[in-house]
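First comes the structure, then the notes that go with it.
Throughout, a chain's letter reflects where its sequence line sits, starting with A, and its residues are numbered from 1.
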Amino acid sequence: MTMTTKGGSVPTPKVDLQGVIKRFGDLQVLNGIDLQISSGEVCCLIGPSGSGKSTLLRMVNGLLLTDEGRVYVDGTLMGFREEGNDLIGITSPQLARQRRNIGMVFQRFNLFPHLTALDNVTIGPIKLLQMNRKKAENKAQELLAQVGLSARASYYPNELSGGQQQRIAIARALAMDPSVMLFDEPTSALDPELVGEVLSVIKSLAADGMTMLVVTHEISFAREVADTVVFMDQGKIVEKGPPEQILTRPQSGRTQDFLARATEAR
Amino acid sequence: MTADIQESVQTGQTDKRKPPPRGKMTYVAIAVVTIGLLGLAQDVVTNPNFGWRVVAQYVFSGYILKGLTLTIALTVLVMLLGTLGGLVIAMMRISNSVFLKIVANCYINLFRGIPLLIQVLFWFNIAALFPNIRIGIPFGPTFSELDTNMLVTPFIAAVIALTLNEIAYMAEIIRGGLLGVDSGQYEAAEALGMPPRMTLNVILPQAIRIIIPPTANQLITTFKNTALVSVIGLADLLHSAQIVYAINYQTIPLLITASLWYLLLSSLLNWLQSVLEKRYSKGFQPRTNRRKPSTDKTPEETLV
């Protein structure tokens, strides 16, 4: 539609947040966020709880809409259409359409409990992409194999462990062929021994070149997988850069404090 | 029990467990209730005014059964229409539109706030308010005009009054069910890219589990509330009994006859409710007819 030609020859970033401000009532949760993620980049968001990481993630796929500033994904403005200098809100079905190529994985998995693992993965392609059932199921089987759960296709979520549920949730998001994946603390609700299996699935996605934005408390995982680490505090980006810089030689005192506490807790 | 015995075997002692002694008040209560019930039983059997012979004579009579059929038909119709309408009002209440929310709130407030008996009487007498029903465009042309009394028979009046009331109650029950589903489910559906209508398709099956118990309860209430239509001369179960005792003056025996049917069907619905509740809670527990997922992983599940 209105592909804004920003910067001419510079390639459009996959995800582009420009001066994003979000308020919940009187509380300003995001105080002007600028962040660009290019294609194939893995960006890990770290920071204390309440710093606005999860809110930021929900602005990217329009689960929350900006109060000020703009969010572009693949060059498309999320949640609004531009008319001159004004932004006009789009309808819910239009917004739903915008979300279809953005995958999201939640802290508490949020699988549909009345559907089997297979049906959880096929529901998106069948209902939203009008894919025929046979094709959708073949694809779902491939994805379940990719997350190592072929044998669990006919199981209901409550029959599976947290780690298995989260891997199904990743398969569900991948089934929509997303161009960006968002992870909201994907391992925070897991027993420690189940964290590894989920992180290794995310790592393999990173290796395949998936563009990802990951909110995480796993510092060592961020060090290993991230191209960029962003440290947030009080609704602002305090520091961002490659992991070795942010995690090993942080410039800001707040980052240093946070990392000291985060590693201490391990 | 067996655990107790096993333990006592282990320790080599026999210590039988007994409940603590009952309090004095319990014995008093047992005595009072027993004496009361015996007295009542004696009266029920010996007092001729109960008229058990009359009850036996009428309980399966065609007249009473016809009334019962109407009561059941009314209940089913009102419940079906009320549930559909309730779903619409519930969705309006949880929608993002302030306008729809206000309309739904006003509706619920209005129909829950006026005694059902008055609503029944009102719809029965609607012709006094609108002698003719005009089908057309407001301030515009009229396509058709009908005599209200022809259109709104006592049965239609009863259905309208009970349904409008039912919608208000069902709307609240359904809304409760929809709000009872974890908000993460809404987020997951939305994040997949589902439009609102499809999101509801995912949420509703989960909400049913929460909606069923209060709905069954509401069904029993509605079933009994249909007795109110006797005031507008509709020959339901109660009114049929009333017509009979107006002739033979056997008021108590015929009220007992009607009550027996109300009680029997209410008990049946009660039982049905507990069956449904069990069934729908099962969907959210691991099924027993399948082996539990093993904690040790099959080779293919171990990630490389």
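- Environment of CZ in B:Phe143: crowded, with over 12 heavy atoms of neighbouring residues, nucleotides or ligands closer than 6.0 Å.
- For A:Leu128 against B:Leu192, the heavy-atom pair with the smallest separation is CD1-O, 3.4 Å.
- Within 6.0 Å of the CG atom in A:Asn132, the count of heavy atoms belonging to other residues, nucleotides or ligands exceeds 12.
- The heavy-atom pair separating B:Ala188 from A:Phe112 by the smallest distance is CB-CE2, 4.1 Å.
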Notebook entry, point to check: Which is it for A:Arg108 and B:Asp182 under the side chain to side chain contact (heavy atoms under 4.5 Å, CB included) test, yes or no, and what are the steps along the way?
Noted result: CA-CA 11 Å; A:Arg108 301 217 46 94; B:Asp182 178 30; 5.8 Å; no

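- When the shell of 6.0 Å around NZ of B:Lys101 is examined, it contains more than 12 heavy atoms from other residues, nucleotides or ligands.
- Heavy-atom neighbours of B:Arg134 CZ from other residues, nucleotides or ligands within 6.0 Å: above the threshold of 12.
- The shortest distance between side-chain heavy atoms of A:Pro113 and B:Gln185 falls below 4.5 Å.
- Across B:Val202 and A:His114, no two heavy atoms sit closer than the pair O-CE1, 3.3 Å.
- Of all the listed residues (A:Ile102, A:Asn101, A:Leu111), the one sharing the greatest number of non-hydrogen pairs under 4.5 Å with chain B is A:Leu111.
- Within 6.0 Å of NZ in A:Lys127 there are 12 or fewer heavy atoms belonging to other residues, nucleotides or ligands.
- Of all the heavy atoms in B:Gly193 and A:Arg100, the pair that sits closest is O-NE, 3.0 Å.
- Closest approach of A:Ser92 to B:Pro196, counting heavy atoms only: CB-CG, 3.6 Å.
- Within a 6.0 Å sphere centred on CZ of A:Arg23, heavy atoms belonging to other residues, nucleotides or ligands number more than 12.
- Heavy atoms closer than 4.5 Å to chain B are found in both the backbone and the side chain of A:Arg172.
- Once rounded to the nearest 0.5 Å, the distance linking CG of A:Asn61 with CD of B:Glu187 reads 8.5 Å.
- Judged by distance alone, with hydrogens and angles left aside, the side-chain atoms of A:Asn110 form a donor-acceptor pair with the main-chain N or O of B:Gly184 at under 3.5 Å.
- When heavy atoms are compared at a cutoff of 4.5 Å, B:Met198 approaches chain A solely by way of its side chain, counted from C-beta outward.
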